[in-house]
Amino acid sequence: MCGRYTLYDAPHKLKDLFGTGNLPNFGARYNAAPLQEMPVIVKNKMGIARWGFLPPWAHEDDHGLCAKMINARSETVADKPSFIESWQKGRRCLIPANGYYEWQKDETSKQKQPYYITSSRHDCFAFAGLWSKHNDLVTFTILTKEADAAIAHLHHRMPIMLSPDEKEDWFTANTEGAAAIIQSAHGKDLVFHPVSDDVGKVANDSEALIAPVTIMQQQTMF
DNA sequence: CCAGACGTTGTT
DNA sequence: GTCTGG
DNA sequence: CCAGACGTTGTT
DNA sequence: GTCTGG
């Protein structure tokens with residue numbers, strides 16, 4: 001599901017938007033991928049963490065496991081051995097983003113069409129997530145839920161997205177409160193458009209990736 | 001009880 | 001560390 | 001998430 | 001088909 005996203009707002013803009021105290025340095029990203037280092041917010045601080053989650057009992061160098069944990073189902077996150085500690089101890093984070101990508105699979109033609117999804121209401125928002133720490137390595141996962149009707153035909157799951165003004169609630173809530181915030185999260189204001197297949201390649205990372213394209217129906221030779 | 005997995009999405 | 005399956 | 005690799009022995 | 005790397 002949510003396996004690629006963008007974050008191109010400048011650090012100082014994110015600082016203002018989310019009211020964080022410090023200001024790490026990072027550049028615009030149009031194709032953030034799992035296992036990469038990205039900005040995350042925990043309470044009033046912004047830091048850099050690795051996308052993918054390492055459970056507390058896992059080895060720090062277990063990249064394979066980390067890469068498998070890029071998403072966590074919000075419906076079961078409180079029950080899963082991998083996430084239970086972070087959930088119960090309130091290790092929640094926000095992952096600032098400007099949009100994310102979704103690949104729609106066509107069952108008959110077996111083609112994959114990437115779409116870029118944004119919010120018509122907030123040009124910068126945040127995914128809700130959980131973090132974990134091993135020595136100096138901080139990792140994070142993005143919480144998901146059933147897709148809103150606005151994008152359900154693209155994909156039946158979507159990330160939990162919060163607006164900047166929901167930050168305070170997300171971090172001051174107790175576990176029950178956090179669950180309620182997740183419940184109330186929605187995607188009513190989501191909009192999307194098809195983009196180039198170039199986004200598939202992790203090495204591609206430019207503004208051109210989010211430009212709308214016209215879908216060309218590919219010829220089947222046989 | 002111990003051993004072994006520990007995740008998601010999507011597809012069947 | 002904690003849950004599931006046997 | 002997608003793209004790309006997917007193996008060993010032995011030699012340098 | 002399935003795993004790894006990014």
What is the separation between atom [atom1] on [X] and atom [atom2] on [N], rounded to the nearest whole Å?
{"X": "A:Ile151", "N": "B:dT9", "atom1": "CD1", "atom2": "C1'", "value": "14 Å"}
{"X": "A:Glu146", "N": "B:dT8", "atom1": "CD", "atom2": "P", "value": "14 Å"}
{"X": "A:Asn204", "N": "D:dC1", "atom1": "CG", "atom2": "C1'", "value": "14 Å"}
{"X": "A:Ile142", "N": "B:dT8", "atom1": "CD1", "atom2": "P", "value": "13 Å"}
{"X": "A:Tyr115", "N": "D:dC1", "atom1": "OH", "atom2": "P", "value": "17 Å"}
{"X": "A:Leu65", "N": "C:dG1", "atom1": "CG", "atom2": "P", "value": "16 Å"}
{"X": "A:Lys105", "N": "B:dT11", "atom1": "NZ", "atom2": "P", "value": "6 Å"}
{"X": "A:Gln88", "N": "C:dC3", "atom1": "CD", "atom2": "C1'", "value": "12 Å"}

Any A:Lys201 side-chain nitrogen or oxygen under 4.0 Å from OP1 or OP2 of D:dC1: no
At under 4.0 Å, does any side-chain N or O of A:Arg4 touch on OP1 or OP2 of E:dG6? no
Of the nucleotides [options], which has the atom closest to the [X] side chain?
{"X": "A:Pro81", "options": "B:dG7, D:dC2, B:dT8", "answer": "B:dG7"}
{"X": "A:Phe83", "options": "B:dG7, D:dC1, E:dG6", "answer": "B:dG7"}
{"X": "A:Arg157", "options": "B:dT9, B:dT8, C:dC3", "answer": "B:dT9"}
{"X": "A:Lys112", "options": "B:dT8, B:dC6, D:dA3", "answer": "D:dA3"}

When you measure from the side chain of A:Asn98 to the backbone of A:Asp123, do you find a donor-acceptor pair of N or O atoms at a distance under 3.5 Å? yes
State whether the side chain of A:Ser74 and the backbone N or O of A:Thr144 hold a donor-acceptor pair below 3.5 Å, judged by distance alone. yes
Dump the intermediate steps for side chain to side chain contact (heavy atoms under 4.5 Å, CB included) on A:Phe171 and A:Ile41, then the final yes or no. CA-CA 10 Å; A:Phe171 289 117; A:Ile41 295 162; 4.1 Å; yes
Going by side chain to side chain contact (heavy atoms under 4.5 Å, CB included), A:Trp131 matches just one of A:Val40, A:Val42, A:Ile95. Which one? A:Val42
Nucleotide forming a Watson-Crick or wobble pair with B:dC2, both distances under 3.5 Å: C:dG5
Treat each ILVMFWY residue as a node, draw an edge where side-chain heavy atoms are under 4.5 Å apart, and state whether A:Trp51 and A:Leu14 are in one component. yes
Separation between the [atom1] atoms of [N] and [M], rounded to whole Å:
{"N": "B:dG7", "M": "C:dC3", "atom1": "C1'", "value": "14 Å"}
{"N": "B:dT11", "M": "D:dC1", "atom1": "P", "value": "10 Å"}
{"N": "B:dT8", "M": "E:dG5", "atom1": "P", "value": "22 Å"}
{"N": "B:dG4", "M": "E:dG6", "atom1": "C1'", "value": "30 Å"}

Which part of the nucleic acid, if any, lies within contact of [X], taking any heavy atom under 4.0 Å across all strands shown: a base, the sugar-phosphate backbone alone, or nothing?
{"X": "A:Thr144", "value": "sugar-phosphate"}
{"X": "A:Thr76", "value": "sugar-phosphate"}
{"X": "A:Ile70", "value": "base"}
{"X": "A:Lys68", "value": "base"}
{"X": "A:Ala72", "value": "sugar-phosphate"}

For A:Asn22 and A:Met46, which heavy atoms make the closest approach, and how far apart are they? ND2-O, 2.7 Å
I need the residues from residues 26-35 of chain A with at least one non-hydrogen atom less than 4.0 Å from DNA chain E; give them sorted by number, or say none. A:Pro34, A:Leu35
Around A:Lys133, counting heavy atoms of other residues, nucleotides and ligands shown, do more than 12 lie under 6.0 Å from its NZ? yes
Under 4.0 Å between a Lys/Arg side-chain N and an Asp/Glu carboxylate O for A:Glu60 and A:Arg50? no
Face-to-face stacking of A:Trp57 with B:dC6, centres under 5.5 angstrom, angle under 30°: yes
For A:His153 together with A:Phe192, are the ring centres under 6.0 Å from each other? yes
